[in-house]
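Chain A is the first sequence line, chain B the second, and so forth, proteins listed ahead of strands; every chain is numbered from 1. Hydrogens, waters and symmetry mates play no part in the numbers below; they use all other heavy atoms, side chains included.
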There are 2 protein chains.
Amino acid sequence: MTRKSSSVTIRDVARHAAVSVATVSRFINRTAPVSQEVAERIQQVMLDLNYKPHVAARQLATRRTLTVGLVIHNMHTDFFAPLLSGIEAVVSENQYNLLVATYDYKTHHHRPLPIGPHNTDGLLSYADCLNEEQLTDLCRVKFPVVLIHRTAPPQLRVPFVTVENKAATYKLISHLIETHGRRSIIFLRGPHEQEDSRWREQGYRDALEEHGISFNPDLMLCGEFNRHGAYTALKKFLARRHPPFDAIFSGDDDAAIGVYKALREAGLRIPEDVSVVGFDDARLSTFLNPPLTTVRAPTQLVGQTAASILFDLLQERTVETCTLLSTEIVLRRSCGCTYENPGEPFQDVVR
Amino acid sequence: MTRKSSSVTIRDVARHAAVSVATVSRFINRTAPVSQEVAERIQQVMLDLNYKPHVAARQLATRRTLTVGLVIHNMHTDFFAPLLSGIEAVVSENQYNLLVATYDYKTHHHRPLPIGPHNTDGLLSYADCLNEEQLTDLCRVKFPVVLIHRTAPPQLRVPFVTVENKAATYKLISHLIETHGRRSIIFLRGPHEQEDSRWREQGYRDALEEHGISFNPDLMLCGEFNRHGAYTALKKFLARRHPPFDAIFSGDDDAAIGVYKALREAGLRIPEDVSVVGFDDARLSTFLNPPLTTVRAPTQLVGQTAASILFDLLQERTVETCTLLSTEIVLRRSCGCTYENPGEPFQDVVR
DNA sequence: TAAACTGATGTAACCGGTTACATTAAAGCA
DNA sequence: TGCTTTAATGTAACCGGTTACATCAGTTTA
């Protein structure tokens with residue numbers, strides 16, 4: 001591996017400017033006043049020598065990394081880009097760096113966490129990438145953590161940011177029942193540990209109950225929150241040819257893509273034969289054919305908010321422990337709604 | 001800001017294990033043999049004390065960060081997720097960390113680069129985020145850099161990874177001309193500095209010339225490689241109602257979305273009135289209505305390849321200076337092709 | 001048997017910053 | 001004038017690792 005060449009240190013600067021290293025450090029960090037004349041001399045020398053402070057040395061001395069970390073389980077999904085974009089905006093605004101790592105305790109349990117106190121000043125953790133033990137360990141050393149799309153174990157009091165899942169799902173399912181007369185609605189679950197999925201299921205059950213429809217466990221499939229999982233699960237279900245159904249809650253938008261495919265292959269029309277709805281309002285959902293009725297989750301805002309809270313923690317300000325961002329349902333054509341909209345697919349009906 | 005609490009140092013471990021710090025360090029890094037018995041003692045103490053080496057201290061001592069950086073101009077685009085995903089895979093495989101930053105010399109020129117030798121062991125830089133001066137500076141200190149989607153200034157010999165733009169565009173435009181009889185093809189440029197755009201334009205011009213169609217500068221618009229830029233540019237063009245056209249090369253897939261919208265608002269049908277084609281084969285392009293004919297760029301592979309080359313540089317292996325990944329055209333419906341495909345939109349015709 | 005080598009370990013300098021504490025000169029005040 | 005305060009600066013310890021060099025016992029080689 002290459003050694004860093006020709007590093008100019010603070011001592012070089014001090015020598016050329018004929019002052020002590022302390023003075024240079026003070027000037028750089030503005031931690032104490034420095035005379036005008038000396039300041040200019042140092043400034044000039046720094047430019048001449050092209051001096052760049054050595055980050056690791058500074059980190060070692062101050063015990064701060066000026067870096068925050070993000071742990072997420074993978075980067076393929078469409079969900080990831082807006083989330084990261086929101087986070088990055090806040091991080092760079094605070095002049096911090098962002099370390100990203102894919103990690104999932106279920107698949108990487110043999111490995112230590114790639115991000116932690118040794119690395120960063122704080123951590124954003126998505127969904128169930130870390131298990132409770134890992135979270136507990138971090139809390140024990142008072143390491144600032146903000147959870148995204150999962151609530152904190154109650155004894156820990158870790159702040160978290162997520163979106164309103166239950167009420168939106170309730171609203172969406174109610175819409176299917178009331179407006180489109182659907183009564184046999186398949187529910188595609190996400191990964192088992194994912195909280196979002198559990199809340200959505202609760203909204204689904206509540207909506208059924210509210211409308212006097214009894215819950216049918218045979219209509220619960222496991223879509224895994226992705227197109228392939230959803231496709232496979234639905235395909236298997238369709239092969240059984242029972243029970244009958246007239247609508248599908250896909251779990252999320254990516255899964256809806258798999259649903260579309262499976263239905264199309266089975267010769268079923270959307271929405272004439274089956275209403276389909278999703279969750280997230282991913283970038284592509286407007287462009288599906290038919291455009292997907294779904295729930296708009298403010299993913300970028302989730303990222304922004306989580307990052308802001310993390311910085312509040314770093315500055316030891318008091319923070320909101322639980323942040324639930326509101327969602328809204330977006331009616332497009334896949335549920336059976338029709339609407340005139342020449343500019344489609346740029347505009348939607350949002351409720 | 002919080003001070004890191006309770007840090008267990010290597011000296012604590014050494015003391016508890018009744019050995020010297022050097023021995024502990026050797027054991028941790030396997031840099032010299034340590035007797036079985038001592039090894040076990042150290043191992044046990046490290047577990048008991050929950051010792052984690054301090055990364056900054058190690059970085060300072062070794063002058064290596066075990067981190068590579070990625071500079072990109074923004075994270076919203078669909079392009080970004082597969083790119084990052086490819087990079088991250090290689091980075092974590094090499095047990096390195098990844099620092100990401102959004103930066104663009106055009107908008108951030110007042111700020112120093114957030115990523116550099118002070119930070120990382122090497123850098124991946126997307127397109128024209130860095131200008132030539134910045135690249136030259138990095139080269140001067142022999143800092144390993146790999147460019148993504150841009151070629152290196154000739155005097156620098158920085159390795160780069162990009163995709164075949166010209167030949168693919170040539171093929172696509174030829175397809176429009178030969179198969180669909182199009183002759184007045186609008187070309188939507190990307191950002192001016194972006195090399196991809198220039199190569200695609202060259203492919204476009206070559207195809208026209210080859211087919212005896214004279215180049216018409218009035219058909220060149222600036223779509224900026226995004227839906228809004230493309231929409232605006234095309235809208236303005238349509239308002240002028242001239243010259244006539246029968247096809248549009250959108251520049252990239254995201255721009256195609258804006259194109260679809262503008263055409264639809266003008267009452268023009270795709271592909272009956274106008275053939276539309278894109279570039280990239282973004283995740284959503286299959287799902288557009290009609291599905292978009294485009295060029296498949298192996299974006300994730302670009303990320304992977306660039307990262308691999310960077311690690312080759314770090315290990316001082318010799319590397320390929322220029323890597324041009326091949327692309328292929330994907331025929332869907334927006335150009336005028338029709339094909340039977342019950343499983344659509346999962347399968348495409350790839351040439 | 002002496003010399004050379006090997007394996008296991010310790011000592012202490014070093015990486016490049018920050019900062020507590022000490023020092024000095026100048027300014028403010030009674 | 002003498003004392004206190006303040007501004008500007010220097011000295012050196014410290015952050016937590018790595019590693020060159022030294023040591024020493026035990027083994028191999030001449």
Checklist outcome for this item: Per nearest nucleotide of DNA chain D, the residue lying toward the 5' end, A:Gln36 or A:Val21, is A:Gln36

Item to check | 5' precedence on DNA chain D between B:Ala56 and A:Val38 (nearest-nucleotide basis) | outcome: A:Val38

Next on the checklist: Under 4.0 Å, heavy atoms only, any strand: does A:Tyr51 hit a base, just the sugar-phosphate, or nothing?
Outcome noted: sugar-phosphate

Next on the checklist: Over all strands shown, is A:Val55 touching base, sugar-phosphate only, or nothing at heavy-atom distances under 4.0 angstrom?
Outcome noted: nothing

Checklist outcome for this item: side-chain hydrogen bond (donor to acceptor under 3.5 Å, both in side chains) test vs A:Asp128 passes for just one of A:His192, A:Arg150, A:Lys106, namely A:Lys106

Interatomic distance, [X] [atom1] vs [N] [atom2] [rounded to whole Å]:
| X | N | atom1 | atom2 | answer |
| --- | --- | --- | --- | --- |
| A:Leu66 | C:dT18 | CG | P | 11 Å |
| A:Lys52 | C:dG17 | NZ | C1' | 17 Å |
| B:Ile10 | C:dT9 | CD1 | P | 15 Å |
| A:Arg58 | C:dT19 | CZ | P | 10 Å |
| B:Phe27 | D:dG17 | CZ | P | 15 Å |
| A:Leu60 | C:dC14 | CG | C1' | 12 Å |
| B:His54 | C:dG16 | NE2 | C1' | 14 Å |
| A:Gln59 | C:dT19 | CD | P | 14 Å |

Checklist entry - Do the rings of A:Tyr96 and A:Phe311 sit parallel, tilted or perpendicular, given the 30° and 60° boundaries? => result perpendicular

Next on the checklist: For A:Phe79 and A:His149, take the angle between the two ring planes, folded into 0 to 90°, and tell me which bin it lands in: parallel under 30, tilted 30 to 60, perpendicular over 60.
Outcome noted: perpendicular

Given [options], the nucleotide with the shortest approach to the side chain of [X]:
| X | options | result |
| --- | --- | --- |
| A:Thr31 | D:dG17, C:dT18, C:dT19 | C:dT19 |
| B:Val19 | C:dG16, D:dG16, C:dG10 | C:dG10 |
| A:Ala22 | D:dT19, C:dG17, D:dG10 | D:dG10 |
| A:Ala57 | D:dG17, D:dT9, C:dG16 | C:dG16 |

Given [N], is OP1 or OP2 found less than 4.0 Å from the side-chain N or O atoms of [X]?
| X | N | value |
| --- | --- | --- |
| B:Ser35 | C:dG7 | no |
| B:Arg63 | C:dC15 | no |
| A:Ser25 | C:dG17 | no |
| B:Thr23 | C:dG10 | yes |
| A:Ser20 | D:dG10 | yes |

Checklist entry - For the ring pair B:Tyr126 and B:His73, is the centre-to-centre distance below 6.0 Å? => result yes

Next on the checklist: B:Ile148 and side-chain contact (heavy atoms from CB on, under 4.5 Å): which single residue from B:Leu83, B:Thr299, B:Thr162 fits?
Outcome noted: B:Leu83

Checklist entry - So which of A:Leu123, A:Val158, A:Leu124, A:Asp312 actually passes side-chain contact (heavy atoms from CB on, under 4.5 Å) with A:Val146? => result A:Leu124

Checklist entry - D:dG17 base to B:Arg11 side chain: any donor-acceptor pair below 3.5 Å? => result yes

Checklist entry - Less than 3.5 Å between a donor and an acceptor, one on the side chain of B:Arg26 and one on the base of C:dG10, is that the case here? => result yes

Next on the checklist: Before you tell me yes or no, could you show the steps for B:Thr305 and B:Val302 under side chain to side chain contact (heavy atoms under 4.5 Å, CB included), namely the whole-Å CA-CA distance, both residues' side-chain angles and the distance that decides it to 0.1 Å?
Outcome noted: CA-CA 5 Å; B:Thr305 310; B:Val302 168; 5.9 Å; no

Checklist entry - End-to-end bend of the helix from C:dT1-D:dA30 to C:dA30-D:dT1 (five-pair axes, 10° rounding)? => result 40°

Checklist entry - Does a sphere of radius 6.0 Å around CD in A:Glu37 hold more than 12 heavy atoms from other residues, nucleotides or ligands, not counting ones at 6.0 Å or beyond? => result no

